[in-house]
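Values reported hereafter were calculated over all heavy atoms of this structure, with side chains retained and with hydrogens, waters and symmetry mates removed. A, B, ... follow the sequence lines: proteins, then strands. Residue 1 opens every chain.
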Amino acid sequence: MHDIKTIRDDLAAFRADILRRKPDEAAADALISKLVALDDARKNAIQKAQAAQERRNAASKEIGAAMKAKDAGLAEKLKAEVAELKETMGALEAQEREAIAALETELAAIPNRPLPEVPFGADESDNPEVRRVGEPKKFGFKPKEHFEIGEALGLMDFEAASKISGARFTVLRGKLARLERALEAFMLDLHTDHHGYTEVAPPLLVRDQAMFGTAQLPKFRDDQFAALSLVEAEQHFAGGATGELDHFWLIPTAEVPLTNLAREQILDEKNLPLRMTAGTPCFRAEAGAAGRDTRGMIRQHQFAKVEMVSITTPEQAIDEHERMTACAEEVLKRLGLPYRVVLLCTGDMGFASQKTYDIEVWLPGQDRYREISSCSVCGDFQARRMGARYRPADAKNPRFVHTLNGSGVAVGRALVAVLENYQNEDGSVTVPEVLRPYMGGLDKIEKA
RNA sequence: GGAGAGGUGGCUGAGUGGUUGAAAGCACCGCACUCGAAAUGCGGCAUACGGGCAACCGUAUCGGGGGUUCGAAUCCCUCCCUCUCCGCCA
């Protein structure tokens, strides 16, 4: 959520940032004049309503004084004056509310402003590579894709999944199911034992306000799954009710519950940065992804992910972003997976982000790097939406916190990466050293 | 699902219609005392929005929304949330 004052303080800078996101001058100018008009209307409505309230309050006090002084005549006269005033007040207050809501609706739909160092670009082909770590292994045979490996092992079953749930689901069995669990446990242990994150087991079903806070709502409603009580839904319709059903949202990422832990809080500066991690299933409708990554488990309706969230002061945010990215990279380093880090350009960045690093893992079966983590710094964009603040040690007024989130890392895709990078010519998969303690000491997954 | 009790400032917690934005305590900040500290004393200490160069002024906020009233933290309606007991349940 943007602050209209900040925008109006420097309209030219705001316009430039909007254009960096989407280079459409006509749209940018239309947006700005709309915002200015809405804000002027808001101020105007507030002033009118407040002037009326001020007169009413003053008259009410006079009535109280007159009644104490037993001056019934004066009290009655004042009452008549207030009664007249009230006829217009209701409308003025309604106008004030509407004007504020109209501005907020508009502001809530504007993406965050990219930081100056974020390169301008249209899509992922414009993302500069920041660094490349690890050498892709040379195979003495043509490396297979993960689903070929998993299916050949008899431990990855898409047909069974589709019978139960349809497309974009996977059934893992035996050692592959355990490998997924091992990966998640390994990542959580790394972040809690070595990176200073506190493990959280959050709700997976959340309310509208939480989804608004992290900015999945209102704009990305169609990407989400919802859960509802059919009994309540039936009563809802039977009662002839209209509008939105009461329901939960399935979290598309643990970023939502973790970040919203700071909702409507005033944190103590000495507790910042607040670092939290969670391993959860994530649910996505993938509405706009028809036909993309249809084979295998790269793009699923349900997948496991270990998420990191940091709540910081504005001053800490940028360093924390580098630190968080390094924490995600450490997962891949310890797993021995080659990867590269790219800086997302303005056109490829998420709605709430000011700056994002994507970590892409090497997949020999696909012969390319694929996203396995995304680390974003959001500034106060989410904090404003959820009222998350902190009290600075040396100042009395609370300030909005800054929020960061990053995958540390996507467990499903990590499983894919392990299968492809550790595959052997005979179809078996070597278990990476760091995972063996989590696999009961097993060093190789073979066909059962 | 049934019955009941509640939601007040950073925290605890008073307050049932008229200078109550809100007692008191805790926490925090400043000053005094002290070599320093503790203890003690005095003072300060909510948030947002609008107006103003500023000092400051105004408006709103006692879970959210609506209503009654000249006037609501206090009365009514509604929604949300929390807790207790019973029922059901992993």
Side-chain angles (χ1 to χ4, degrees), chain A residues 1-9 38-104 107 201 203-213 229-232 234-236 239 241-248 260-272 274 311 380 383-401:
Chain A
M1 175 74 85
H2 290 279
D3 176 24
I4 186 64
K5 277 194 238 171
T6 307
I7 290 174
R8 295 199 73 165
D9 275 350
L38 285 171
D39 189 42
D40 287 342
R42 177 186 67 102
K43 289 185 180 182
N44 192 262
I46 286 174
Q47 282 172 35
K48 281 186 181 157
Q50 288 192 354
Q53 287 163 338
E54 186 176 354
R55 266 183 285 154
R56 179 206 55 192
N57 289 348
S60 291
K61 277 189 182 172
E62 287 170 37
I63 290 169
M67 286 171 77
K68 256 183 199 155
K70 304 227 192 305
D71 186 346
L74 179 60
E76 287 308 316
K77 203 179 134 202
L78 286 164
K79 278 190 192 183
E81 185 193 328
V82 174
E84 201 173 315
L85 188 59
K86 278 186 68 179
E87 299 206 354
T88 55
M89 273 184 62
L92 289 174
E93 286 170 6
Q95 280 166 23
E96 178 184 346
R97 277 196 300 275
E98 281 160 23
I100 290 169
L103 177 63
E104 280 186 354
L107 287 172
L204 307 181
L205 269 50
V206 301
R207 310 178 149 278
D208 284 18
Q209 56 171 25
M211 293 287 272
F212 179 84
S229 150
L230 286 174
V231 173
E232 281 179 26
E234 282 155 10
Q235 285 170 353
H236 179 89
T242 53
E244 195 94 336
L245 273 171
D246 191 34
H247 63 275
F248 290 110
N260 274 284
L261 283 171
R263 154 174 291 277
E264 284 164 38
Q265 295 273 310
I266 299 180
L267 302 163
D268 231 321
E269 179 170 8
K270 63 174 181 279
N271 294 330
L272 303 180
L274 196 60
I311 311 290
D380 65 8
R384 281 182 187 285
R385 297 170 84 99
M386 61 177 81
R389 295 172 295 171
Y390 77 102
R391 197 177 296 281
D394 56 353
K396 40 188 176 298
N397 289 332
R399 300 168 75 195
F400 286 111
V401 296

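- Residue contacts for Ile63(A): at a heavy-atom cut-off of 4.0 Å it reaches a base atom on one of the strands shown.
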**OP:** Would you please test Val206(A) and Asn260(A) for side-chain contact (heavy atoms from CB on, under 4.5 Å) and show each step?
**Re:** CA-CA 10 Å; Val206(A) 301; Asn260(A) 274 284; over 6 Å; no
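- Comparing C49(B), G71(B), G10(B) against the side chain of Arg56(A) picks out G71(B) as the nearest.
- At a threshold of 4.0 Å, the pair Asp40(A)-Lys43(A) does not count as salt-bridged, since none of the basic side-chain nitrogens sits closer than that to a carboxylate oxygen.
- The nucleotide A38(B) finds no pairing partner, because no Watson-Crick or G-U wobble arrangement with both distances shorter than 3.5 Å includes it.
- Rounded to a whole angstrom, the distance from the P atom of C62(B) to that of C26(B) is 27 Å.
- Electrostatic pairing of Lys5(A) and Asp3(A) does not count as a salt bridge here, judged by no charged N lying under 4.0 Å from a carboxylate O.
- For the C1' atoms, the distance linking G65(B) with G30(B) amounts to 42 Å, nearest Å.
- The base of G58(B) sits within donor-acceptor range of the side chain of Gln50(A), with an N or O pair under 3.5 Å.
- The side-chain heavy atoms of Gln53(A) and Gln50(A), taken from C-beta on, include a pair separated by under 4.5 Å.
- If you take atom P in A60(B) and the same atom in G44(B), they sit 25 Å apart, rounded to whole Å.
- Within 4.0 Å (heavy atoms only), Asp268(A) reaches no atom of the nucleic acid at all.
- A gap of 47 Å separates the P atoms of G50(B) and G36(B), to the nearest Å.
- In the set G71(B), G50(B), U47(B), U47(B) carries the atom at the smallest distance from any side-chain atom of Arg391(A).
- Using atom C1' as the reference point in both U34(B) and A39(B), the two lie 11 Å apart (nearest Å).
- Across all strands, Arg97(A) comes closer than 4.0 Å only to sugar-phosphate atoms, never to a base (heavy-atom distances).
- Heavy-atom distances to RNA chain B give each of Gln53(A) and Ile266(A) a nearest nucleotide, and the one nearer the 5′ end belongs to Ile266(A).
- Using a 4.0 Å heavy-atom cutoff across all strands shown, Lys5(A) reaches sugar-phosphate atoms only and no base atom.
- Between C70(B) and U78(B), the two C1' atoms lie 26 Å apart (nearest whole Å).
- Mapping Asp39(A) and Arg389(A) onto RNA chain B by nearest heavy atom places Arg389(A) at the nucleotide closer to the 5' end.
- Comparing U74(B) with G63(B), their C1' atoms sit 16 Å apart, to the nearest whole Å.
- Comparing the P positions of A27(B) and C33(B) gives a spacing of 23 Å, expressed to the nearest Å.
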